[in-house]
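Only one structure is covered here, and it is reproduced in the block below.
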Amino acid sequence: MPGMFGVIGCIPSCWDTLLKEFSTIWGEVEACKVDTGAVGGHAFGGAKAVYKLVEGPVFAIDGEASLYSRAGSQAAGVSAPIFHIGPDGLVLSEDCAGNVAVLDPISGSLSLGAAVSGSFPLYYAQVRRGLLFSSLLRPLTKAMACIAKIEPDMVGVIQKLRRGSHFFGNRTFVSGVCRLLPGQVLCFRPDIGQVTIKETSDFGAGGYDNRTQGLNNAADICWEVLLAAVKRSVGGGRTALMMSGGWDSRVLLAAYRAVLGIDNVLCYGHGDPASRELRIARDICEKTGVRFRLESMEEAIDPSTFDSVFARTESLISPEWQHAGRVLAGMGIKGVSAGVYGAVLGGQQGFDYLERGYRKIPVVLNELASRALRKDGHSIRDFEALKSAFSVRELGKPWYMLQDAWEAVPSVQESINADLDRDFRRLKARNIIHQDQLLEVFLVETRQSQYEIDQMLSCRAFVNISIPYGDHGLLRLAGSIPW
């Protein structure tokens, strides 16, 4: 998986370790040093991940396929920038499809910015009067070990393994290492050892969009915005679409077909060829004239590749997607897309998510009935009740922990609930005024941006990816449609 890394205010061995670790994974990486620090990165296919602007800052990028061409155009001064430094610090453009790190040799500061979708992980750690950052956790941890003792964050470990999908707050597996959350901008000043974090996301903010009050009107507007998102996301060359029988990939196929034509789109699926879902996917492709490649799960899972792929992705949750990336890259495909975040546009992130099986049915019926009767826009009336749906009420020793290890972790339940409380209050401060939107944004910025995105990031071990449903404008619009 391409990425970026850097240090500021740290001893040379921290930078040397980061550079060595990324070089071991990828072979050649880019790097640029200034007096106060250094940044590095890796990109596919001859693209650049690191730039030094004339009489300006050094910056590195990590994101979708389109981000690399946009960054090159900014460096050449021939297009609108993906970021600028304003009076209040780093500002990412609305169509900046990824993360940016900016090292300013004049002020001596380092700024990190995360896209609103939060699709690409970015870790950072402040150690003494320095700061390290990396798209990968393991290289960052090894660099930290040069100047600090490394210890696991057991609350983070329990959080992640308890749900099997995501952390709350900005926790990670390592004590002292944090995640930059969706839409956050960090600024570090080494002269005073100060980290400040600014919230910039408008996802879910301000209530519902009046343009989408009519169903037909909403569909037309969403289609236009989706087409624009696909056009921005295309990085050049043939594009592959990870195809299922669901509506997310069906709609995305229609958009790619409209933008690129059938000759520049390939659909890819894996699983049981006799399954209903893949039969639907194959039929759709046949009717639309788009080529469909299908592989069985036996072909897709190769344990002999796990070690090398894990170094690139730090995940083995989706080995079939890792295999897909390798196959598609071998076919000369330049970019891969999928319906990730399509659940926001489809309205699938509702209160029924909190239930399982047949228990979802009465929840859906109750919500539909209550919306038909209420005229208050479904505003947040009981914030604490919504938060309590995710709170930990009882927590016993996990099966994978020894009793001594469990007893050595203080206040696990309280710590998890405190992280959850910070998450909800962070979102509420965004001026999210409807209860449905608060729940939807919370699920997107936790489960989707940490777990469901894993499939695409696994594919990215070998090829660039594009995430049209995660486009800032489309995500903002989809999150503002009344349910």
Side-chain angles (χ1 to χ4, degrees), residues 1-8 15-34 37-54 56-79 81-84 90 92-93 95-105 110-115 117-124 132-140 143 180 186 232-237 311-314 325 329 334-336 456-457 459-467:
M1 185 173 73
M4 63 182 185
F5 56 94
V7 301
I8 186 170
W15 168 251
D16 294 340
T17 301
L18 271 175
L19 186 61
K20 177 183 176 182
E21 291 298 316
F22 269 80
S23 298
T24 300
I25 296 170
W26 292 109
E28 294 185 3
V29 296
E30 302 169 70
C32 184
K33 297 180 69 174
V34 296
V39 297
H42 169 77
F44 284 129
K48 285 179 63 61
V50 178
Y51 291 88
K52 172 68 171 75
L53 299 181
V54 178
V58 175
F59 72 93
I61 56 172
D62 177 37
E64 297 185 37
S66 62
L67 184 64
Y68 297 93
S69 58
R70 287 286 311 283
S73 297
Q74 176 176 349
V78 296
S79 73
I82 57 174
F83 73 89
H84 70 273
L90 176 64
L92 303 187
S93 67
D95 56 355
C96 178
N99 302 330
V100 177
V102 182
L103 188 59
D104 188 345
L110 170 70
S111 296
L112 305 176
S117 68
S119 302
F120 301 90
L122 184 55
Y123 305 98
Y124 66 92
L132 308 87
F133 72 90
S134 171
S135 301
L136 294 172
L137 181 60
R138 291 206 303 175
L140 179 66
L180 198 63
L186 176 150
R232 281 194 294 269
S233 72
V234 174
R312 297 184 176 191
T313 64
E314 298 186 335
K334 300 301 182 183
V336 177
M456 287 297 286
L457 296 182
C459 202
R460 196 176 180 235
F462 300 97
V463 65
N464 277 319
I465 62 173
S466 297
I467 314 170

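Throughout, residue positions are numbered sequentially from 1 according to the sequence presented. The figures here come from the full heavy-atom set of this structure, side chains too, leaving out hydrogens, waters and symmetry mates. These figures come from a predicted structure and were not determined experimentally.
To the nearest 0.5 angstrom, H42 atom NE2 is 7.0 Å from R312 atom CZ. In this structure, the separation between CE on M456 and OG on S466 is 7.0 Å, given to the nearest 0.5 Å. Distance check: L122 CG to S134 OG gives 8.0 Å after rounding to the nearest 0.5 Å. The CD1 atom of I465 sits 7.0 Å away from atom OG of S119, with the distance rounded to the nearest 0.5 Å. To the nearest 0.5 Å, atom CG of residue N464 and atom OG of residue S233 are 11.5 Å apart.
Minimum interatomic distance between A311 and I25 (heavy atoms only, all atoms of both residues): O-CD1, 3.4 Å. Residues G6 and W15 share a closest heavy-atom pair of CA-CZ3, 4.1 Å. Nearest heavy-atom pair, P2 versus W26, reported as atom, atom and distance to 0.1 Å: N-CZ2, 3.6 Å. Taking each heavy atom of L18 and A143 in turn, the nearest pair found is CG-CB, 3.7 Å. The two residues S23 and V29 come nearest to each other via the heavy atoms OG-CG2, 3.4 Å. Residue A71 comes nearest to Y51 through the heavy atom pair CB-CE1, 3.8 Å, listed as atom of the first residue, atom of the second, then distance.
The closest side-chain heavy-atom distance from P121 to L457 is below 4.5 Å. Side-chain contact between R70 and I61: absent, with no pair of heavy atoms (C-beta onward) separated by less than 4.5 Å. A 4.5 Å side-chain heavy-atom check between S117 and I467 finds every atom pair outside the cut-off. A 4.5 Å side-chain heavy-atom check between F133 and M4 finds at least one atom pair inside the cut-off. With a 4.5 Å cut-off on side-chain heavy atoms, F5 and L136 do not count as touching. Taking 4.5 Å as the limit, every side-chain heavy atom of L112 sits out of range of all side-chain heavy atoms of N99. Under the 4.5 Å side-chain criterion, counting only non-hydrogen atoms from C-beta, E314 is in contact with P139.
We find that E21 and R138 are not joined by a salt bridge, their nearest charged nitrogen and carboxylate oxygen being 4.0 Å or further apart.
Heavy-atom contacts from other residues, nucleotides or ligands closer than 6.0 Å to NZ of K33 number 12 or fewer.
Between F59 and F83, the two ring planes are perpendicular [angle over 60°; tilted spans 30° to 60°].
The only member of D62, L67, L180 that meets side-chain contact (heavy atoms from CB on, under 4.5 Å) when paired with F120 is D62.
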